[in-house]
Every structure is written in structure tokens, then in C-alpha cells.
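Reminder, nothing fancy here: chain letters follow the sequence lines and each chain counts from 1.
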Amino acid sequence: MATLANGIRHLPGYLDRPAQEHLVELIRDIVAEAPLYTPEMPGTGKPMSVRMTNCGPLGWVTDKQQGYRYQSYHPATKKPWPAMPQELLDLWETLGGYSKPPEACLINFYSDDAKMGLHQDRDENDLAAPVLSVSLGNSCLFRVGGLSRKDPTGSFRLSSGDVVVLGGEGRLAFHGVDRIYPGTSTLLKNGGRINLTLRRVNS
DNA sequence: TAGTGCCT
DNA sequence: ACAC
């Protein structure tokens, strides 16, 4: 376990291979019910390169008209998000150190050429709760800065099975994904990377 | 500005 | 990493 200068915790290889494979199975079922969709930037409608879906009572979504928000249903199917698997509730219980359970699990799928710009997770009402991130599949170059966009940044590699906890000082740290490293994992047969982000939304 | 580009 |  490594704690970075900005308070972010990195747990390399926290999930073993069988646990990773089990999560992929669960995600396959979720995606069958709540298909990955292409989010849009607020205002411009520019598509993001990452595709998304969610599980849990709430899901993070964005589109041209309404922008970033949490809502209880899939934007395309209008159906409620699939339930949060017990395995993820357990992970939150073990690593989150927070009294209330997570309400949203954002599932991000990165193709090998997808990226995500530097941003803050700040659409939650409960900013005391940590954000838990699970990496599956190909490795990525993860970038982390400070509380201001202008703050200097550093980067490190995230591999399949790694968990990152953004809590305390690091809860509102700017972060993003610079690049995916193709062919660095055999977990996902068709390549790419999956990131699970567990969040508490309502205080 | 949860993005894009690298003759930056 | 940085500017836009």
C-alpha cells in the first residue's frame, strides 16, 4: 500500500486473478442489462472516448443538455440501474471505512485508445465519503494533481487488480487517465480497460 | 477542461 | 507537461 503525497492511497494487486475474473463476470451481466453508452460533454455534446454504464441505486451520467448528474435510471433504456453486487459492497466495507454504503458504481470502459482528461469527482453531495477505484484489464497511465487544476501533477501506472482510494485530502484531487497500454493484461479477451468507481452520493 | 494536440 |  502506497500513500501519495496528496493523500491518495494506491493498493497494487489488491484483487487476485480469480477475484478479477469474478468481477468481470458480474460486469458482463450488468452490461447485458444496462448497455455501455457514449457520454456527451455538457454544452458542446462532444462525445467522450470512454463508454459508461452504472450499477447501484444511482448512476453518474452526462449529456449535452443536462450535463453532469446522478440519476436512478439508464439514459437510453430508462430502466433502473442493475443492483450493486454484494462483492462491491463488501469491498467498500473493507476499504472505504465509511458508515453509509455506496450508492453508485460507475463502470468506465476504456478502449485501447481512450483517455480521460484531468477532472475532479465533485458531483456528490457527500464529500466526506471516499471514492474507491478498481482497475481491470489493460494497464493505464494515471495522473494525479492537487485541489486546483493549475497544481503540478504526477503520474503512475495502474494495473489490473489495483485499487485506488481517493479519501481525506485526496478526495477532491484532480485526476485523469493519460493513456492505456495495449496488450498488458489477458483479463479482457477483447482488450481495453475497465474502471469501477464506487461513490456515496447523498449525505 | 470527465477534451484536444504535439510546428507546444 | 502544458496551453488552449
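- Under the Watson-Crick or G-U wobble criterion, with both distances below 3.5 Å, C/dC4 is paired with B/dG3.
- Using the six-membered ring where Trp is involved, A/Trp60 and A/Tyr68 have ring planes that are tilted, between 30° and 60° apart.
- The residue A/Ser49 sits apart from the nucleic acid: no heavy atom pair falls under 4.0 Å.
- Distance CD1/A/Ile27 to NE2/A/His22: 10.5 Å, rounded to 0.5 Å.
- Counting distance only, with no hydrogens placed and no angle test, the side-chain atoms of A/Asp123 and the base atoms of B/dA2 include a donor-acceptor pair under 3.5 Å.
- Salt bridge annotation for A/Asp126-A/Arg171: absent, with no cationic side-chain nitrogen under 4.0 angstrom from a carboxylate oxygen.
- Taking atom CZ of A/Arg143 as the reference point, atom C1' of C/dC2 lies 10 Å away to the nearest angstrom.
- A straight line from CG of A/Asp113 to P of B/dG5 spans 12 Å, rounded to a whole angstrom.
- The cationic atom of A/Arg200 (NZ for Lys, CZ for Arg) does not lie both less than 6.0 Å from the six-membered ring centre of A/Tyr98 and within 45° of the ring axis.
- Among the atoms of the strands shown, only primed sugar atoms or phosphate atoms (P, OP1, OP2) are found under 4.0 Å from some heavy atom of A/Met41.
- Atom CE of A/Met48 and atom P of B/dT4 are 9 Å apart (whole Å).
- One interatomic measurement links the two molecules: NZ of A/Lys150 to C1' of C/dC4, which rounds to 15 Å at whole-angstrom precision.
- Residue A/Lys46 contributes atom NZ, which lies 12 Å from atom P of B/dT1 at whole-angstrom precision.
- Here C/dA1 presents its C1' atom at 9 Å from CG of A/Asp178, a figure rounded to the nearest Å.
- Here A/Asn195 lies out of heavy-atom contact (under 4.0 Å) with every strand.
- Comparing atom distances between the A/Asp121 side chain and each of C/dA1, B/dT4, B/dA2 picks out B/dA2 as nearest.
- The separation between A/Gln120 atom CD and B/dT1 atom C1' is 11 Å, rounded to whole Å.
- Within 6.0 Å of CG on A/Asn190 lie no more than 12 heavy atoms contributed by other residues, nucleotides or ligands.
- As a whole-Å value, the separation of A/Asn54 CG from B/dA2 C1' is 13 Å.
- Using a 4.0 Å heavy-atom criterion, one finds that A/Arg149 contacts the bases of the nucleic acid, with or without backbone contacts as well.
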